Each structure stands twice: as structure tokens, then as C-alpha cells.
Number of protein chains: 2
Amino acid sequence: MKSLSIKDIAVKANVSITTVSFIINGKAKEKSISEAVIEKVKKIIEESGYKPNQIARSLRTGNSNIIGLIIEDISNSFFSRIARLIEDKAYKRGYKIIYSSTENNIDKAKELINLFKSRKVDAYIISPIKGIEEDVQMLLDDGNPVIFFDRNLPNVETSYVGADHFNASYQSIQSFIDQGKKNIALVTTDINVAQITERHDGYKKALEDNGIKYDDNLVLKIHFNQEENETIEQIKALFENKKIDAVLFATNYLAISGLKALKQIDKKIGGDFAVIAYDDHEAFELHTPRISAIQQPLEEIAEAIIKLILNRLSSKGKLPAEELIIPTRLVLRN
Amino acid sequence: MKSLSIKDIAVKANVSITTVSFIINGKAKEKSISEAVIEKVKKIIEESGYKPNQIARSLRTGNSNIIGLIIEDISNSFFSRIARLIEDKAYKRGYKIIYSSTENNIDKAKELINLFKSRKVDAYIISPIKGIEEDVQMLLDDGNPVIFFDRNLPNVETSYVGADHFNASYQSIQSFIDQGKKNIALVTTDINVAQITERHDGYKKALEDNGIKYDDNLVLKIHFNQEENETIEQIKALFENKKIDAVLFATNYLAISGLKALKQIDKKIGGDFAVIAYDDHEAFELHTPRISAIQQPLEEIAEAIIKLILNRLSSKGKLPAEELIIPTRLVLRN
DNA sequence: AAAGCGAAATAAAACGATTTAGTATGTAAA
DNA sequence: TTTACATACTAAATCGTTTTATTTCGCTTT
């Protein structure tokens with residue numbers, strides 16, 4: 001069964017397509033359509049269950065009411081939660097979200113941008129990776145709103161919403177030091193993005209400010225796409241070979257692997273060994289003992305992203321790039 | 001800057017739009033376009049970076065190469081993992097996924113179906129809830145492929161992929177009984193979907209088959225949309241007021257809440273008190289002691305869904321509805 | 001009665017692709 | 001020489017909307 005078109009409605013109501021279109025789009029008054037006709041047409045639309053074809057509409061108007069969301073991995077709880085919040089908020093304002101995961105693969109990220117471009121999404125929300133600067137710049141040059149979140153690309157001038165990774169990391173290390181820890185390790189990833197280097201820098205700075213010498217041997221960089229088992233082995237090696245009394249995990253999935261590693265070598269978390277994880281996770285509250293974590297205010301981040309996007313969409317001219325750095329919360333669980 | 005259209009390419013190459021279209025769509029040979037022209041046009045497309053406007057293409061061909069995925073909640077790890085797998089597999093076959101969460105809200109689910117319909121998605125993958133039968137039936141009547149997963153709606157005849165919830169539940173209870181447990185509780189939700197009632201039925205049947213009387217007081221039905229704190233209080237009440245030596249949690253988020261509750265009342269999991277959770281979760285492996293869980297084979301489920309969808313998309317005629325019941329795996333962690 | 005004007009409605013172009021039904025040309029078969 | 005047919009290519013219709021420009025009509029005004 002073919003679905004109804006505006007033409008079918010026009011025929012049924014015995015008016016022109018134009019008239020129906022004006023009524024659908026709330027321009028009836030403005031275009032001085034008579035009350036009687038408005039009523040008649042609305043009734044027919046109601047009864048027939050007609051819904052305008054969004055594809056035709058998009059083709060004509062050039063916008064899709066779709067926002068593209070490009071993230072690292074939808075199955076990571078940080079991203080899936082943010083996605084859910086963004087989806088909710090966008091939905092309430094009449095926008096749909098399409099999301100897709102890059103898996104930190106530059107080619108896939110580029111492909112996704114092209115795909116979204118050919119689908120004429122109205123705006124892009126991207127958690128970017130290095131190597132896509134040019135592609136993003138092209139989007140911007142074409143006048144598309146683009147918001148980065150979680151991570152930033154220094155050479156691209158567009159708005160950014162993210163947590164204060166540097167300070168979050170700094171404070172965690174400071175709290176270790178306040179507890180009297182001296183040999184503080186950092187387990188991080190080797191992906192080259194601002195958010196990760198900021199976390200690394202905060203670690204360094206906190207040590208230096210407290211007169212502790214930075215030791216590269218206490219920093220473990222895990223390769224992004226490797227098997228979890230290998231990660232666990234590397235973390236075990238770190239703890240077995242070095243004297244360490246505190247560790248900051250730079251992402252929640254690293255922390256999960258780390259906890260597994262600690263369990264395997266039976267290293268207890270407690271008085272003389274402390275752990276903090278970046279990004280909270282359900283497992284941390286439940287763990288015995290409970291694991292301290294840096295919480296990013298997801299709700300605030302999502303809200304900020306949507307606000308920026310909608311501002312850009314509603315204003316014709318280009319707005320200056322804004323940077324929103326949102327403070328994190330260190331939840332110490334002991 | 002306006003993006004290029006097929007017309008621009010045609011002008012540049014000094015051929016007709018038709019010719020360009022044939023070449024883009026790989027019909028050049030079939031339509032006997034000369035090798036020289038093919039080369040020339042391809043070169044121009046390459047150099048200019050032209051990408052066909054998918055919206056125009058969709059309008060004309062009537063299909064979008066988009067599959068709509070309607071789930072309960074993308075931030076639930078079961079769904080986000082499935083989503084990721086489906087996305088991956090679909091992507092490799094040239095399909096995009098748009099997903100959206102219903103939050104178990106009938107109106108939102110209906111709205112989503114309409115939204116996807118007006119966007120002309122090629123197929124629907126739905127984890128359905130009661131109350132949307134008519135809407136789905138309309139989709140089917142219009143010839144749209146619809147696949148249910150995780151849950152089924154008995155009165156709608158369409159393909160379904162899901163785990164063997166009844167047996168999973170049955171086996172869990174049987175394993176409790178084999179360990180000598182007698183007072184076995186079930187913590188489940190009050191949402192009225194097949195998958196949840198099947199889990200309940202499996203619980204009942206296993207008890208009966210072992211000569212244990214079913215006791216409604218040992219079954220706690222948690223209201224779906226309530227605050228987690230309330231859930232925890234209810235679970236605490238259950239354990240404090242009844243003599244219970246084993247419990248099956250019917251979803252992973254209930255298990256998470258349950259573990260929190262057990263921690264609060266300091267009830268230890270071990271020899272004389274056993275726990276199994278439906279759907280595995282990272283927290284369970286890490287928990288002390290480790291928590292047993294029923295694993296659904298996500299990869300298999302995703303693969304089955306995609307296969308069914310693609311079959312339906314490639315065959316013109318309607319195929320008979322298929323039901324794929326996939327066995328689960330009970331992982332006992334002690 | 002002609003001109004002017006506002007109200008009410010519409011015809012037709014446009015968006016950017018696909019596809020049907022051609023046309024023009026050269027060559028082989030009758 | 002005509003017919004047939006393959007080759008190489010294209011004009012124009014079409015998908016379902018939005019939107020610009022235009023028409024039609026009745027009513028005032030001069």
C-alpha cells in the first residue's frame with residue numbers, strides 16, 4: 001500500500017497542493033487561507049493519518065532535522081549515557097540523532113563524516129580524533145555547525161564542551177599525595193588526543209608541584225585496540241616490577257582491566273595502596289572495597305552541547321567558537 | 001559553498017546527467033557507455049570529491065539504506081552492545097542504523113515508529129513493548145521488514161530473534177536446587193513483556209519439577225521507572241523479611257541494585273546464599289565474590305538479526321516469519 | 001465604469017537524483 | 001537498397017515537498 005502524499009490530501013479536500021502545504025507548515029494565517037478551508041484540510045489530514053514525507057521535505061528545504069553524533073564507541077558507558085541524554089534533549093526540540101562509532105579509526109571517522117554529509121545532517125557533534133582536522137574544517141567552511149566534546153582538536157576552531165581533564169587529574173594525584181603516597185602510577189592509553197594528554201599533564205604537574213620527580217617508568221600507555229588480556233598482563237607486570245602505592249587509571253575501561261589485574265596478582269586496595277578511576281562506572285560503587293572515581297557531569301555536558309548546537313542552528317551568521325570547560329567531581333570512596 | 005550536484009559533474013564532463021548517473025550506479029557496462037567516457041567521468045568525480053545527495057536518491061528510489069533500531073534504553077549495556085554489533089554488521093553491508101530509546105513508554109514507541117516511517121527507513125529492528133501491536137501491524141501491512149528481538153509480541157506475526165529465556169531461567173533455578181537451595185527468590189520487573197514472563201515461567205516450572213511449592217511472596221516485581229533507591233529499599237525488605245538462600249535477578253540492572261542492597265544489609269554471598277544475574281555485566285566478574293550470570297550470545301543475536309533483515313530486503317515477496325531462539329550460557333562463578 | 005486593492009487560492013519551478021523511453025549512428029544481414 | 005540491430009548517448013518524467021510568482025474575484029474608491 002502506497003502511503004499518502006500531499007497531493008492525495010489536496011485532491012480529497014478539493015484544494016491545491018500549495019494550500020495544504022501552507023496549512024501543514026502553520027503558514028495558513030500568514031498566507032490568508034480562510035478558516036473554513038483550514039478546518040477542512042486539517043480534518044482530512046487527521047482522519048487519513050497523513051504524515052509528510054521527510055525525505056522530500058529535506059530535499060526541498062535542505063535541512064534534515066537530524067544531528068549526527070560521532071563517538072568512539074557506543075558500547076562504552078560514558079558514551080552511551082551521553083548519547084542517551086543528548087538524544088533525549090534533541091528529541092524534545094524536534095531533532096533526531098544518528099550516531100555511529102569510529103573505534104578510533106581515522107578512516108572510519110572520515111567515512112562517517114562523508115556519510116553524514118551526504119545525508120545532509122543539520123549539525124555534527126563529534127568526539128574527535130587526530131587526523132580528521134581537514135574533514136572537519138571542510139564542514140565548517142561549508143557553514144555546518146560542529147561541536148566537539150570530550151576531546152578537542154587544537155588546530156580546528158570550533159566550539160568545544162568538555163570536562164576539566166587537567167584539573168581532575170591534578171586533584172586526584174594531589175589527593176594521593178595528601179594521603180602520603182609517593183610512588184604514583186598512571187595507566188593511560190596511547191591514543192593521541194587532547195583529553196588524554198591533559199590527564200597526563202595534570203598528573204605530571206601535581207607531582208612536580210609537590211616536589212616528586214616524574215618517572216616515566218610509572219606511566220603505562222596501553223595500546224588502544226588491543227585485546228583485554230594483553231592489557232591485563234601489562235598492568236600486572238607494572239605492579240609486579242615497580243614499587244607503587246597509588247594508581248590513577250585514565251579511562252574507566254582501563255580501570256576495569258586494572259581491577260581484574262590486581263585481583264589476579266592479589267594486590268589489595270586499601271590503606272597502603274590507593275586507586276582512582278577516570279569516569280565513574282557501576283562496578284566501582286559495588287567493588288570491594290569501593291573504588292574512588294572522577295565523575296564527569298554527564299547531564300551538564302549533554303545540555304551544554306545541545307544548547308550550543310541549537311544556538312548555531314537558529315542564528316544565521318557564524319557565531320564565535322566557545323569553549324566550555326566543565327569541572328569534574330572527585331568521589332573518594334573509602 | 002554549495003555542494004556539487006550530478007549536474008555539475010555532467011557539465012564538467014560534457015555529457016548528460018543520465019550518463020553520469022549510469023556510471024555512478026555501475027550500470028555503465030549494461031547501458032553500453034564507452035570506456036573513454038567512463039574514465040573521464042570517473043576522473044572528474046574523483047577529483048571534485050563529488051558525493052551523491054542521498055536524500056534525493058532516497059526520494060527517487062524510495063529506499064534510504066537506513067535501518068531503524070528501536071530499543072528500551074541505549075544506556076543499558078545489553079542494548080548498547082547489541083547496538084554496536086548491529087551497527088558494525090549493517091555498516092559493512094552498506095546500511096546505516098538510526099537508533100532511539102523508548103524508555104518503555106508506549107507513546108514514545110509509537111512516535112518513533114512514525115518518525116522512522118516518515119524518514120522511510122528500509123527496515124525496523126524493534127525490542128517491542130505491549131501496546132504497539134497495531135502500529136507494527138501497519139508497518140507489516142505496508143510491506144516493511146520488521147524484526148523483533150529480545151522480546152516478542154505474541155499477536156504480531158513477524159520474525160523474532162531472542163534468547164531462550166525460559167530455559168535460561170529454568171537452568172539457573174535447577175542449579176540452585178542442585179546446590180541444595182530451597183528458598184529461592186526471584187527479583188523481576190513489572191513490565192509486561194514476553195521475555196520477562198518467560199523468565200518468570202522458567203522459575204516456576206523448575207520449582208514445580210523439583211517438588212518445591214511456588215511462593216508468590218518470594219517474587220518481587222519492581223516497577224520499571226522507579227528511582228534506584230526505592231528499588232534497593234524493596235530488595236532489602238525482601239531479604240530482611242523472608243528466609244532466602246538463593247536469588248535470581250531477572251535483569252542486570254536489577255542485579256546491580258540487588259548487590260547494592262545486599263551490601264547495605266551486609267548479607268554475604270557464598271556457601272549458604274547464592275546469586276545469579278540475568279545478562280552478564282562487567283561488575284559481576286569483578287565483584288567479590290564473583291557473581292554468576294546468564295550470558296546471552298550477543299554476537300550471534302546481532303548476526304541473526306542482520307541476516308533476517310537482509311534476506312527480507314533482498315527478496316521481493318514476503319517471507320514467512322521465522323523464530324530464532326538462541327541458547328544462553330550459564331556462567332557459574334564461585 | 002475603470003482602477004485599485006486585499007483576500008483567497010493556485011500554477012509551476014525547484015531541490016538532486018533515477019529511470020523510461022527515446023534518438024542518432026554505424027554495420028551486418030536480407 | 002532496405003531492414004535490423006547493436007552501440008553510445010540523452011531528454012524528460014518522476015519522487016513529494018516548499019516556495020515564488022501569479023491569478024481570480026469581489027469590493028471600494030474615484
Side-chain angles (χ1 to χ4, degrees), chain A residues 1-42 44-45 48-66 115 117-122 142, chain B residues 1-42 45 48-66 117-122 142:
Chain A
M1 200 181 65
K2 292 280 302 140
S3 63
L4 293 168
S5 77
I6 195 171
K7 191 174 173 189
D8 300 315
I9 303 298
V11 169
K12 272 191 194 157
N14 201 29
V15 296
S16 75
I17 291 177
T18 313
T19 303
V20 178
S21 175
F22 285 153
I23 293 172
I24 291 170
N25 292 291
K27 298 192 179 162
K29 287 266 141 48
E30 179 190 334
K31 299 287 178 178
S32 54
I33 307 290
S34 71
E35 205 51 56
V37 172
I38 295 180
E39 280 311 307
K40 180 175 61 174
V41 172
K42 278 194 171 164
I44 292 176
I45 290 177
S48 63
Y50 163 73
K51 293 269 185 295
N53 178 327
Q54 294 298 334
I55 298 201
R57 194 173 252 186
S58 289
L59 177 59
R60 174 61 227 220
T61 63
N63 45 45
S64 57
N65 280 313
I66 291 186
L115 195 85
K117 206 195 309 195
S118 70
R119 287 245 145 70
K120 298 278 179 279
V121 305
D122 291 350
D142 289 358
Chain B
M1 201 180 68
K2 293 281 299 138
S3 62
L4 293 168
S5 78
I6 195 171
K7 192 174 170 190
D8 299 316
I9 304 298
V11 169
K12 271 191 195 158
N14 200 29
V15 296
S16 75
I17 290 177
T18 311
T19 304
V20 178
S21 175
F22 285 153
I23 293 172
I24 291 170
N25 293 291
K27 297 190 181 164
K29 287 264 140 48
E30 178 190 335
K31 299 289 178 175
S32 56
I33 307 291
S34 70
E35 205 51 57
V37 171
I38 296 179
E39 280 311 307
K40 178 173 61 171
V41 171
K42 278 195 171 163
I45 290 177
S48 63
Y50 163 74
K51 293 271 185 295
N53 178 328
Q54 295 298 333
I55 298 200
R57 192 174 253 185
S58 289
L59 177 59
R60 174 62 228 230
T61 62
N63 45 44
S64 56
N65 280 313
I66 291 186
K117 207 194 312 194
S118 69
R119 288 246 145 71
K120 298 277 180 281
V121 305
D122 291 350
D142 289 358

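Side chains included, hydrogens not; waters and symmetry mates left out as well; all remaining heavy atoms used. Keep in mind that what you see is a predicted model, and the values were worked out from it rather than measured.
Distance, B/Leu59 CG to C/dT19 P: 12 Å, rounded to whole Å. Taking atom NZ of residue A/Lys31 and atom C1' of nucleotide C/dG6, one finds them 15 Å apart after rounding to whole Å. Between the CD atom of A/Gln54 and the P atom of D/dC15 there is a distance of 19 Å, rounded to whole Å. Regarding B/Ile33, its CD1 atom lies at a distance of 8 Å from the P atom of D/dT10, rounded to whole Å. In this structure, B/Lys117 atom NZ and D/dG16 atom C1' are separated by 17 Å, rounded to whole Å. Atom P of nucleotide C/dC15 and atom CG of A/Asn63 are separated by 15 Å, given to the nearest angstrom. Distance CD1 (B/Ile38) to P (D/dC9): 9 Å, rounded to an integer number of Å. When the P atom of C/dT18 is taken as reference, atom NZ of B/Lys27 falls 8 Å away, rounded to whole Å.
Applying the 6.0 Å contact sphere to NZ of B/Lys42 captures no more than 12 heavy atoms from other residues, nucleotides or ligands.
A sub-4.0 Å separation between OP1 or OP2 of C/dC15 and a side-chain N or O of B/Ser5 is absent. Contact check, B/Asn25 against C/dT18: a side-chain N or O comes under 4.0 Å of OP1 or OP2. Of the side-chain N and O atoms in B/Ser34, one or more sit less than 4.0 angstrom from OP1 or OP2 of D/dC9. The phosphate of C/dG16 has neither OP1 nor OP2 within less than 4.0 Å of any side-chain N or O from B/Tyr50.
Scanning all heavy atoms of the two residues, the minimum distance from B/Asp8 to B/Ser3 falls at OD2-O, 4.3 Å.
The base of D/dT18 lies close enough to the side chain of A/Arg60 for a donor and an acceptor atom to sit less than 3.5 Å apart.
Less than 4.0 Å separates DNA chain D from at least one heavy atom of each of the following residues of residues 14-23 of chain B: B/Val15, B/Ser16, B/Thr18, B/Thr19, B/Phe22.
Within the 4.5 Å cutoff, the side chain of B/Ile24 has no heavy atoms near those of the B/Ile9 side chain.
Salt bridge annotation for B/Glu35-B/Lys40: absent, with no cationic side-chain nitrogen under 4.0 angstrom from a carboxylate oxygen.
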